[in-house]
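Along the sequence shown, residues are numbered consecutively beginning with 1. Everything quoted here is computed from the prediction, not taken from an experiment.
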Amino acid sequence: MASLVSSPFTLPNSKVDQLSSLAQRHLFLHSFLPKKANGYASSSKASLRVKCAAMGNGLFTQTTPEVRRIVPEKNQGLPTVKIVYVVLEAQYQSSLSAAVRVLNSNKKDASFEVVGYLVEELRDESTYKTFCKDLEDANIFIGSLIFVEELALKVKAVVEKERDRLDAVLVFPSMPEVMRLNKLGSFSMSQLGQSKSPFFQLFKKKKQSSAGFADSMLKLVRTLPKVLKYLPSDKAQDARLYILSLQFWLGGSPDNLQNFLKMISGSYVPALKGTKMEYSEPVLYLDSGIWHPLAPCMYDDVKEYLNWYGTRRDANEKLKSPNAPVIGLILQRSHIVTGDDGHYVAVIMELEARGAKVIPIFAGGLDFSGPVERYLIDPITKKPFVNSVVSLTGFALVGGPARQDHPRAVEALMKLDVPYIVALPLVFQTTEEWLNSTLGLHPIQVALQVALPELDGGMEPIVFAGRDPKTGKSHALHKRVEQLCTRAIKWAELKRKTKEEKKLAITVFSFPPDKGNVGTAAYLNVFSSIFSVLKDLQRDGYNVEGLPETSEALIEEVIHDKEAQFSSPNLNVAYKMNVREYQSLTPYATALEENWGKPPGNLNSDGENLLVYGKQYGNVFIGVQPTFGYEGDPMRLLFSKSASPHHGFAAYYSFVEKIFKADAVLHFGTHGSLEFMPGKQVGMSDVCYPDSLIGNIPNIYYYAANNPSEATIAKRRSYANTISYLTPPAENAGLYKGLKQLSELISSYQSLKDTGRGPQIVSSIISTARQCNLDKDVELPEEGEEIPAKDRDLVVGKVYAKIMEIESRLLPCGLHVIGEPPSALEAVATLVNIAALDRPEDGISSLPSILAETVGRSIEEVYRGSDKGILKDVELLRQITEASRGAITSFVQRTTNKKGQVVDVADKLTSILGFGINEPWVEYLSNTKFYRADREKLRTLFDFLGECLKLVVADNELGSLKQALEGKYVEPGPGGDPIRNPKVLPTGKNIHALDPQAIPTTAAMQSAKIVVDRLIERQKAENGGKYPETVALVLWGTDNIKTYGESLAQVLWMIGVNPVADTFGRVNRVEPVSLEELGRPRIDVVVNCSGVFRDLFINQMNLLDRAVKMVAELDEPAEQNFVRKHALEQAQALGIDVREAATRVFSNASGSYSSNINLAVENSSWNDEKQLQDMYLSRKSFAFDCDAPGAGMTEKRKVFEMALSTADATFQNLDSSEISLTDVSHYFDSDPTNLVQSLRKDGKKPSAYVADTTTANAQVRTLAETVRLDARTKLLNPKWYEGMLSTGYEGVREIEKRLTNTVGWSATSGQVDNWVYEEANTTFIQDEEMLKKLMNTNPNSFRKLVQTFLEANGRGYWETSEDNIDKLRQLYSEVEDKIEGIDR
């Protein structure tokens, strides 16, 4: 990090020639630390060493409460009042300290000693001890906004002990546990949430929305003191003083706080009982309104504010122009009243200097939705006064840090309909701590101020203000403020420019770099989609001059260099940038030289110039994003931290922003490499590459709806407005060739089994099953062996169950085209799967369970029987599945018109339900054995399915893009699996993840227990009844979002702990389950978190690490607690303490992603498996330590290797039907099976398992079974590959990708059977017709396919005949010639 903080950049707008050469070389980036600039950088190594040593406690915040301690002079003969306060943020520090200094200088009545703590500082043990000590002789305790559970409990523990002794305890809005500590004379809140009095009723309403709660509390605060004044009892007076205290506190100015301290001390401190301390009433400020630092007062009427604005003398001409952009700002009232507003002023001044008008609004409660509607929307025309809005509070729009009301926020923002940016002031760190941190923002701040505003549709989490460690005041970070303001104005411009003049840069990806791969994106037919988008924009009035007639022609123009002969190996060059131009446009170019040498380098260059690939049509540029650049270099792939982008990459974005001058960039599809470039995880600084690359361009990003985790990275690191697109409609895999024959044989067996032909059919079934290679999945008797009649059913049942599993597997068929939603009938399979899940929270039973009940069975029992291969259960399950499909198909047919479009479902349903005609599903079921199904349950279910059907076929993806381009608000929505969570639909929403502190949920914990128990059961069965001592597993970001933390819960259950949620439903604690309750030993784990999981769920990594260490320290016998057993052994071997030896939560270094094995495999750039294993160890051995969360990810390779060497099993989860093991390279990229074998002392290969929770009937299969299932349902399945080929150019690439990923599994686990390669060769190479089709459609990808076959053979993963290999070699040279354009 040292080198990063002080990289010798020259800044674009500092007049370089006027600086001395020294300052030029070491211009420290952050212009708010000017004094230190030279000394800092020149001795950067030394000074930063000291820094790191100072970060001794390993926590995020190194500030100490001592800067908030004021001790009065001795011997004044006055009684001393000691006050201790705990707050969330530091804005009260300067105001309160000023108040106390004034009181002490008056030397009247009493002297005041005061000390303050930021909640976050209490994590540090020694600070906590000081806090306890301070409270022992304190008179008054004050707390405010204490919302972090683990810390709230720490505060409660100490204050509770001292509560009776303290003279007064005042807690302003915080968690109920802390609020109950309030005490002023006879007034107390210990009954909070139970009492009947109106004051408490107020707290009870908290359930609905804490924002509404805060507002009603403010109203109450206004009126109560007047009422209470005239009530005689002491009780009323005490309550009145509490309310006044709240008014003083919310009024936050030094005067208010001075009077507050006088009032409380004079009334409650015994030593001052006789003295009459005079205090004046609180000065009330507006609760909400408009504030401008130069305005004479606060306004609560927009018209008045705008009148004042129009008459300003200091404003420049630009500001007076009616065409100036108008930016709305949302501010926190407490910063304004406490005078801690320097950072707000900086933003206002910067915007005005850039020619934008501002309307800065503030609110006192936690609900900003009212003020937004009141002050930013014209009450008469209902049009917004502003072109974009920036919230500088960092909080969710409604509810702040407490309980949020996102629907209310979204409603207000939809009315406003402008881009909504939520920028962040640093809350828990000082500026310097943030700069030095590789993680960037503090995890709690990420949860409260990045994740929650995203649910409101907030974007661009730019850190614009830092904090001074001494005074606690906020200060602007000038470079960041510039970035924020420029971007806010750019978004505002989109609202104001005409469509003809807007310029759009569409960026496509090419991964791995090869001409056959241009336009890669998950599940998306990229060029057809771009074509449909451009056609639509053209109709809408955008300038798309020269757009070809078809999408095929579009591909040709982008991927071929027209000037060279027709099939040249190069893409079309849109611009040549010479080195001097590149250096002048790219201020950070010199920083890239450390990794890539002097420009132009050899990537995206012709030796003299940097090349930008792509093609321009009118005001639209379609460009190809360069790749990481180190894919093909095995040595670079081994680096444990990722390298910087290369010159070609930087040149591409400089071109888009500064030469093409794009108004917006549209990244097309999931996903590119911009957001995965090195830099802080969240809350980037000017030296983080994603921030430098995207520059000032508004970024719109089409992202697959089922990948919310990587979409979230794109939002946070490349400031993207992510718009979701649908994955292609799913279909059942169906049966083909031998598998189809088998199912026919089985049905004839069922009708003839009791005749003499039974045995004969069984032996045909066995031999056909062998031909289909099912003998690996089902134990088949030897051929010719006599099978007794009673066992025949079981053999057939097992084969049948396997075939049904293949048949009903879901496949996404073909690729999605943006703007073409699925037809109703294509949606049937999706609906069948939506109907297969119970949804108890909505009172909906699943269709299979309704049908099973009809014949007196429970569906769980049928699933279990079918898994065991009991023939009648397998048959019943098939009938249930068929009846579900039939009933849903008949329902869908009823609600569609002749063209297959869904007509208004509601009308159709009423007519179905109205006239006593039988509903279509009842009609269908009346002809099956399920005719007695429960009608009420069916009706509830089909109402829900009707809603889902409307959502599946809705088309909003183009609409949302146009809204974004017009500078409007794009409605947010969750990402995830539409089958588990239909709220993901309709697509075209701004994708968000979830509140990271909300997982794992109770339901996830339930599902996790089932999977873990099945996993252990299976491992024991295959290993002579022994428990696995250690399981190595992977945590993915997306899986945990879709399943609300199931895989996270699995880890917790393996080690035997339960998550504990707080009053807001946030999970920040765990407690161990007793060994009796667990009924088995605690199993040790090695957790490999994906880089994305690390970015999104750092709080949960902290939770896991705490859990494992807690279990390692339990006093339990070693044979009942494998975590402890191994930690003790490892501690002794490595000479470290048990806590450190119990490190089990690993990931990449901050800012790095993946083990790079996938890049090596995709580019065939690896020598042997050992090299792949080294990559894994060097990149994945960074640990998170809950005892030093501020240290970020630190390398602990020895512990990692020792922990892995104890693993008896490796384990991954599949959570949705679209993504399976061979669809993406991520799964094998993080698979440690072969690696564990090489680390184990006995050299034994661990068992490898995959849990499949994609259907209601969760399965744990071995890795080999899953790879076979995947090959049968995708790569070798005509339904799948024909579906892919129908999409043309992209389809060939999809087929090649599956084969490459299969080789990846051979390389990391060795679990791929020979027949998989053999059958693939028969399907794609032996079949002449298929061969020609592949070669002509996408010769580049076909060449890679042939190369992959040869590679699989060469690396010893596929044994086959010489003839096959010769044919492949010959094909390879043919296709080479074809690509080079040589006709033979």
Side-chain angles (χ1 to χ4, degrees), residues 65-87 92-117 130-144 158-159 161-172 181-188 225 234 237-283 337-339 471-472:
E66 296 316 307
V67 297
R68 287 173 231 103
R69 188 183 292 279
I70 297 177
V71 181
E73 300 159 24
K74 290 269 183 307
N75 323 330
Q76 300 183 349
L78 292 172
T80 304
V81 177
K82 180 170 175 186
I83 299 161
V84 178
Y85 66 95
V86 175
V87 287
Y92 274 92
Q93 177 181 333
S94 52
S95 196
L96 198 59
S97 305
V100 171
R101 287 199 185 96
V102 171
L103 287 172
N104 284 341
S105 63
N106 294 344
K107 303 198 173 156
K108 199 172 156 247
D109 299 331
S111 58
F112 290 85
E113 179 184 340
V114 63
V115 58
Y117 292 79
T130 325
F131 173 60
C132 301
K133 239 184 155 38
D134 271 327
L135 265 178
E136 282 168 16
D137 58 349
N139 301 80
I140 298 170
F141 171 77
I142 304 171
S144 171
V158 193
V159 179
K161 268 216 307 275
E162 300 289 332
R163 184 170 181 260
D164 294 342
R165 189 196 56 72
L166 284 160
D167 301 327
V169 178
L170 289 144
V171 183
F172 304 121
L181 299 167
N182 267 309
K183 140 184 145 164
L184 273 192
S186 58
F187 169 82
S188 114
D234 292 345
Q237 287 321 304
D238 290 331
R240 173 169 169 267
L241 291 188
Y242 176 74
I243 300 276
L244 281 174
S245 308
L246 188 57
Q247 283 186 344
F248 278 128
W249 185 259
L250 292 175
S253 59
D255 288 353
N256 271 334
L257 294 178
Q258 222 171 297
N259 286 313
F260 162 56
L261 294 179
K262 285 193 205 162
M263 174 182 89
I264 295 297
S265 312
S267 315
Y268 296 105
V269 175
L272 300 171
K273 267 291 186 325
T275 50
K276 251 194 116 40
M277 287 183 82
E278 293 297 324
Y279 65 89
S280 39
E281 292 281 308
V283 179
V337 297
T338 56
T471 62

Measuring from atom [atom1] of [X] to atom [atom2] of [Y], what distance do you get when rounded to the nearest 0.5 angstrom?
X      : Y      : atom1 : atom2 : result
Leu250 : Ser144 : CG    : OG    : 8.0 Å
Gln247 : Leu244 : CD    : CG    : 5.5 Å
Leu96  : Arg68  : CG    : CZ    : 11.0 Å

Quick one, [X] and [Y] - any side-chain contact, counting heavy atoms below 4.5 Å?
X      : Y      : result
Lys108 : Lys262 : no
Thr338 : Ser94  : no
Phe141 : Val86  : yes
Phe172 : Ser245 : yes

If you compare all heavy atoms of [X] against all heavy atoms of [Y], which two are closest, and at what distance to 0.1 Å?
X      : Y      : answer
Gly252 : Leu257 : O-CD1, 3.6 Å
Leu241 : Leu184 : C-CD1, 4.0 Å
Ala138 : Leu166 : O-CD2, 3.3 Å
Tyr85  : Gln93  : OH-CA, 3.8 Å

Has the side chain of [X] got a donor or acceptor atom that lies under 3.5 Å from a matching backbone atom of [Y]?
X      : Y      : result
Lys161 : Cys132 : no
Asn256 : Val283 : yes
Arg163 : Asn182 : yes
Asp167 : Ile140 : no

Mind checking side chain to side chain donor-acceptor pair (under 3.5 Å) for [X] and listing every partner two or more places apart, or none if nothing turns up?
X      : result
Thr471 : none
Asn104 : none
Glu162 : Arg165
Tyr117 : Asp134

Using ring pair (Phe, Tyr, Trp, His ring centres under 6.0 Å) as the criterion, point out the one residue from Phe248, Trp249, Phe260 that pairs with Tyr92.
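Testing Tyr92 for a ring pair (Phe, Tyr, Trp, His ring centres under 6.0 Å) against Phe248, Trp249, Phe260 leaves exactly one candidate, Trp249.
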
Residues in side-chain contact (heavy atoms from CB on, under 4.5 Å) contact with Val102, at least two apart in sequence or another chain
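Expected list: Asn106, Gln258.
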
Can you give me every donor-acceptor pair (side chain of residues 264-272, partner residue at least two apart or in another chain, under 3.5 Å) with its distance?
| residue | atom | partner | partner atom | Å |
| --- | --- | --- | --- | --- |
| Ser265 | OG | Leu261 | O | 2.6 |
| Ser267 | OG | Met263 | O | 2.6 |
| Tyr268 | OH | Asp238 | OD1 | 2.7 |

